[in-house]
Amino acid sequence: MHGRALVCTAASVALALTPAALAAADDGGGLSARQLAQQAKKNLLDATSVHLKLTDRGAGVAHGKTQPTFMDLSLDRDGNCVGTLRMGGHGGSVELVKRGEQVWMKPDTAFWKAQVPGPQGAAVAQLFKGRYIHGTTKDAMLKGLSDTCDLSAFQRQVDTGSSSGGKSLTKGAETTVDGTKVIPLKGTEGGQRSVLYVTSGAPHRLVEATLKGGRTDTTLAFSDYDKPVPSATPSPDQSVDIGKLQQRLQNT
């Protein structure tokens with residue numbers, strides 16, 4: 001469960017917003033591709049919270065049971081988040097809630113079987129069925145998963161990332177993404193095609209980014225800029241302390 005890896009994957013989709021990529025951006029009517037991308041980047045870096053939805057269909061990724069291929073998370077700069085991650089290779093899914101250092105995760109049966117080898121996985125899945133495992137970020141298992149919740153880390157990846165070469169961005173015709181009017185900014189580099197969909201009206205925000213080519217096929221959608229992350233947490237009767245999980249794993 002490599003949450004940090006997913007942060008890096010998501011950030012890589014948005015790296016078309018980096019200065020090197022913008023340097024050769026083509027002009028068009030109204031705001032240029034460069035101006036639109038610059039404003040979209042600024043608004044993404046300034047966001048205090050955002051709703052991210054990532055889908056990774058890349059070759060090989062779908063077969064890895066420890067690497068998420070889908071993420072639907074609301075997260076903020078304080079490390080709070082709520083949402084769902086789905087693993088590749090029929091590795092199941094897990095609901096995730098994080099407030100500060102407190103973490104709750106609720107895996108489904110397929111997730112338990114993929115993460116815990118042998119008959120032990122099925123036994124653990126039955127024992128903790130429908131309940132959240134609760135602990136803190138001091139626990140390695142929960143920390144690895146909850147690293148995905150770090151919006152600040154994502155923003156740093158976008159801000160400091162660099163593009164290899166002078167990839168240019170070209171404005172396309174206005175279209176819509178989920179009912180929102182957007183301008184597509186298209187670029188190609190190293191056999192990979194990227195498209196940034198930026199809102200036509202101000203404030204210009206990134207709504208969706210796609211990266212395709214070779215073994216890569218990733219889509220990242222953005223919404224709910226600066227909307228607070230839901231603060232509700234699972235109740236005690238819905239939760240099991242992670243110590244009980246660790247004890248169970250040691251005794252079987």
Side-chain angles (χ1 to χ4, degrees), residues 1-11 44 47-56 64-88 90-116 121 124-157 219-249:
M1 292 168 287
H2 306 295
R4 184 67 65 189
L6 187 59
V7 169
C8 295
T9 298
L44 179 57
T48 57
S49 61
V50 71
H51 181 188
L52 297 180
K53 184 179 289 186
L54 180 142
T55 304
D56 191 346
K65 294 184 178 182
T66 61
Q67 178 62 37
T69 59
F70 176 80
M71 171 180 76
D72 188 343
L73 283 179
S74 294
L75 62 163
D76 65 23
R77 286 183 177 177
D78 294 326
N80 302 313
C81 78
V82 59
T84 303
L85 289 83
R86 186 167 64 240
M87 318 304 282
H90 304 291
S93 62
V94 56
E95 295 179 30
L96 180 64
V97 178
K98 181 174 179 289
R99 297 297 298 181
E101 295 183 349
Q102 301 295 312
V103 185
W104 294 258
M105 70 169 188
K106 185 167 73 172
D108 63 8
T109 298
F111 182 94
W112 281 123
K113 290 182 177 180
Q115 298 294 330
V116 181
V124 170
Q126 183 61 36
L127 182 63
F128 299 111
K129 183 178 180 180
R131 291 190 288 178
Y132 288 87
I133 302 300
H134 173 231
T136 71
T137 52
K138 294 180 180 178
D139 180 85
M141 182 180 184
L142 294 177
K143 184 181 187 305
L145 193 62
S146 63
D147 275 348
T148 308
C149 294
D150 195 343
L151 176 60
S152 295
F154 173 85
Q155 290 170 323
R156 286 194 297 272
Q157 288 281 338
T219 300
L220 182 60
F222 299 81
S223 61
D224 296 338
Y225 283 74
D226 300 322
K227 182 177 180 179
V229 172
S231 60
T233 58
S235 62
D237 61 348
Q238 295 176 301
S239 309
V240 177
D241 188 271
I242 193 168
K244 293 185 178 181
L245 170 62
Q246 294 166 338
Q247 184 179 27
R248 171 72 185 191
L249 294 176

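Keep in mind it's a predicted model, so treat the numbers as computed, not measured.
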Please report the shortest heavy-atom distance between Cys149 and Leu96, naming the atom on each side.
SG-CD2, 3.8 Å
Residues that Asp72 engages under side chain to side chain contact (heavy atoms under 4.5 Å, CB included), provided they are two or more places apart:
His51, Lys53, Phe70
Restricting to side chain to side chain donor-acceptor pair (under 3.5 Å), what partner residues turn up for Arg77, sequence neighbours left out?
Gln155
Closest contact, heavy atoms only, Cys81 versus Leu75:
CB-CB, 3.9 Å
Looking at residues at least two apart in the chain, or sitting in another chain, which of them share a salt bridge (Lys or Arg N to Asp or Glu O under 4.0 Å) with Asp241?
none
Does one side chain, of Asp226 or Thr48, offer a donor that lies under 3.5 Å from an acceptor on the other?
yes
Applying side chain to side chain donor-acceptor pair (under 3.5 Å), name anything that partners Asp224, two or more places apart in sequence or on another chain.
none
For Thr136, all residues meeting side chain to side chain contact (heavy atoms under 4.5 Å, CB included), sequence neighbours excluded
Gln102, Lys138
Return the set of residues passing side chain to side chain contact (heavy atoms under 4.5 Å, CB included) with Ser235 (not counting sequence neighbours), or none when no residue passes.
Asp237, Gln238
Apply side chain to side chain contact (heavy atoms under 4.5 Å, CB included) to residues Leu245 and Val240 and explain how you reach the verdict.
CA-CA 8 Å; Leu245 170 62; Val240 177; over 6 Å; no
Looking at every non-hydrogen atom in both residues, tell me the closest pair between Val82 and Pro230 and how far apart they are.
CG1-CD, 3.7 Å
Please assess Lys98 against Leu142 for the test side chain to side chain contact (heavy atoms under 4.5 Å, CB included), listing each intermediate value before the final yes or no.
CA-CA 10 Å; Lys98 181 174 179 289; Leu142 294 177; over 6 Å; no
Could you list the donor-acceptor pairs under 3.5 angstrom formed between side-chain atoms of residues 103-112 and any protein atom two or more places apart in sequence or on another chain?
| residue | atom | partner | partner atom | Å |
| --- | --- | --- | --- | --- |
| Asp108 | OD1 | Ser93 | N | 3.1 |
| Asp108 | OD1 | Ala110 | N | 3.4 |
| Asp108 | OD1 | Phe111 | N | 2.9 |
| Asp108 | OD2 | Ser93 | N | 3.2 |
| Asp108 | OD2 | Ser93 | OG | 3.1 |

Tell me the closest heavy-atom pair linking Asp78 and Asp76, and the distance in Å.
N-OD1, 2.9 Å
Which heavy atom in Ser146 sits nearest to a heavy atom in Thr137, and how many Å separate them?
OG-CG2, 3.8 Å
With sequence neighbours left out, what residues match Glu95 under side chain to side chain donor-acceptor pair (under 3.5 Å)?
Tyr132
So, applying side chain to side chain contact (heavy atoms under 4.5 Å, CB included) with Thr148, which one of Leu73, Leu52, Leu54 is it?
Leu73
Non-hydrogen atoms of Ser223 and Val50 that approach each other most closely
O-CG2, 3.4 Å
